[in-house]
Amino acid sequence: MTEILRVENLKKSYNGFLAVNGVSFSVQKGELKALIGPNGAGKSTCFNMLMGQLKPTAGEVFLDGERITGMAPRKVWRRGVGRTFQITGTYQSMSVVENVQMALISHHHRTFAILPRAWRLYRDEAMGFLDTVGMTDQADRPCSVLAYGDLKKLELAIALAHRPRLLLMDEPTAGMAPSARIDLMQLTADIVRDQGVSVLFTEHDMDVVFAHAHHIMVLNRGELIADGNAEQVRNNPHVQEVYLGGGTLFKEASHA
């Protein structure tokens, strides 16, 4: 497989406190990889360093072999790294399709043409991305009336409009009903399979993680304590101890 992301000995210190301590891992092309861990484990700090919102205290980040450590978020985005957030951020006064059009206007470097012709730019292309996430029937609805699960799907369409090589998804199913969580992650898995996009995501719903992730990493107190497939992580005594106090991390019977 082709390596898309490589992280080497990443560290972030705040006044001597190591929020992330020597984390190293890789993400392959077409891989759906999960980063899990208790609250405060350092997951969001890792994401923020990968995307450029935070500068690492030490360590390196490479995208397709190019060093992107410490680059500004916009430069990282331009190189093909997208991100969705735990709390959705859309233009509520705009329609669903207009939100995707705005992303495409930025992707195509057409921000100078934002007024007065923006409503005509890239509509057909935007509709294609809405088709990918199953939202063409809601294209002209204002975002302000969408259900939360649909906002999450729209955010995914917006992220895909930039045609990322790597997509970082920070708790993509947070706040969603159980059935909607499964639908969104199945949609993400389908996109990974069909388009070859690599996805690294954080998540607290273990059913979602173990049902869809190709590989799983576990972070605890800023350190990576496991990186493997579902069975390896599920049966790792250290993971069970620090993540669920020695309890069963995941019951296969729940999907029987």
Side-chain angles (χ1 to χ4, degrees), residues 31-41 43-44 47 82-100 103 126-161 164 167-195 197-219 230 233-234 239 243-245 247-256:
E31 183 177 24
L32 181 58
K33 194 162 192 173
L35 178 63
I36 66 173
N39 289 330
K43 304 184 296 296
S44 292
F47 264 39
R83 184 171 181 181
T84 66
F85 294 85
Q86 182 176 349
I87 300 174
T88 58
T90 58
Y91 295 106
Q92 294 292 292
S93 62
M94 290 184 178
S95 69
V96 168
V97 69
E98 286 170 345
N99 270 266
V100 183
M127 290 297 290
F129 287 107
L130 291 180
D131 183 58
T132 297
V133 300
M135 290 193 67
T136 54
D137 60 334
Q138 302 197 64
D140 293 310
R141 297 186 73 198
C143 288
S144 58
V145 302
L146 292 183
Y148 190 69
D150 288 331
L151 283 171
K152 287 283 192 176
K153 288 195 290 185
L154 173 57
E155 187 181 37
L156 179 56
I158 291 169
L160 292 174
L167 181 58
L168 307 177
M169 301 180 73
D170 195 354
E171 301 213 20
T173 72
M176 299 176 70
S179 61
R181 293 178 186 179
I182 294 171
D183 290 345
L184 181 66
M185 287 312 299
Q186 184 58 59
L187 172 63
T188 303
D190 291 344
I191 291 168
V192 168
R193 181 196 64 222
D194 297 339
Q195 301 185 19
V197 177
S198 303
V199 173
L200 176 64
F201 71 101
T202 66
E203 183 57 61
H204 283 293
D205 186 327
M206 291 300 98
D207 283 347
V208 166
V209 170
F210 283 98
H212 297 288
H214 299 152
H215 292 92
I216 302 163
M217 299 181 292
V218 184
L219 201 62
V233 170
R234 184 188 301 123
V239 171
Y243 198 73
L244 288 179
T248 302
L249 188 60
F250 178 77
K251 297 180 180 178
E252 293 180 87
S254 65
H255 287 284

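These numbers come from the heavy atoms of this one structure, side chains and all, not from hydrogens, waters or symmetry mates. Nothing fancy with the numbering, it's 1 onward along the sequence.
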- Task: Decide side-chain contact (heavy atoms from CB on, under 4.5 Å) for M176 and D205; before the verdict, give the C-alpha distance in whole Å, the side-chain angles of both, and the deciding distance to 0.1 Å.
- Result: CA-CA 11 Å; M176 299 176 70; D205 186 327; over 6 Å; no
Stepwise side-chain contact (heavy atoms from CB on, under 4.5 Å) test for K153 and L156: CA-CA 5 Å; K153 288 195 290 185; L156 179 56; 5.5 Å; no
Inset, instruction - Would you please test T173 and K152 for side-chain contact (heavy atoms from CB on, under 4.5 Å) and show each step? - result: CA-CA 8 Å; T173 72; K152 287 283 192 176; over 6 Å; no
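Although no hydrogens or angles enter the test, the distance criterion places no donor-acceptor pair under 3.5 Å between the side chain of T202 and the main chain of D170. For E31 (side chain) and H215 (main-chain N/O), no donor-acceptor pair under 3.5 Å exists by modelled atom type.
The minimum heavy-atom distance linking M217 with K33 is given by the pair CG-CE, 3.6 Å. A213 and A34 get closest at one heavy-atom pair: CB-CB, 3.9 Å. The two residues T132 and L187 have their closest heavy-atom pair at O-CD1, 3.3 Å. Summarising the geometry of M135 relative to L154, their closest heavy-atom pair is SD-N, 3.7 Å, with the distance given to 0.1 Å. Considering every non-hydrogen atom in both L219 and K43, the closest pair reads CD2-N, 3.6 Å. Across every non-hydrogen atom of P164 and A159, the tightest pair is CD-O, 3.4 Å.
Put simply, the side chain of C143 does not reach to within 4.5 Å of the side chain of M94, judged on heavy atoms. Within the 4.5 Å cutoff, the side chain of H212 has heavy atoms near those of the Q186 side chain. Looking at heavy atoms from C-beta onward, V133 lies out of side-chain contact with L184 at the 4.5 angstrom threshold. By the 4.5 Å heavy-atom criterion applied to side chains, I158 and F129 are not counted as neighbours.
Considering only residues two or more places apart in sequence or on other chains, A147 meets the side-chain contact (heavy atoms from CB on, under 4.5 Å) condition with D150. In terms of the side-chain contact (heavy atoms from CB on, under 4.5 Å) criterion, P178 has no residue partners (sequence neighbours excluded).
Taking CG from L32 and CD1 from I216, the interatomic distance works out to 10.0 Å, rounded to the nearest 0.5 Å. A distance of 6.0 Å separates CZ of F47 from CG of L35, quoted to the nearest 0.5 Å.
Q92 and T90 share a side-chain donor-acceptor pair at under 3.5 Å.
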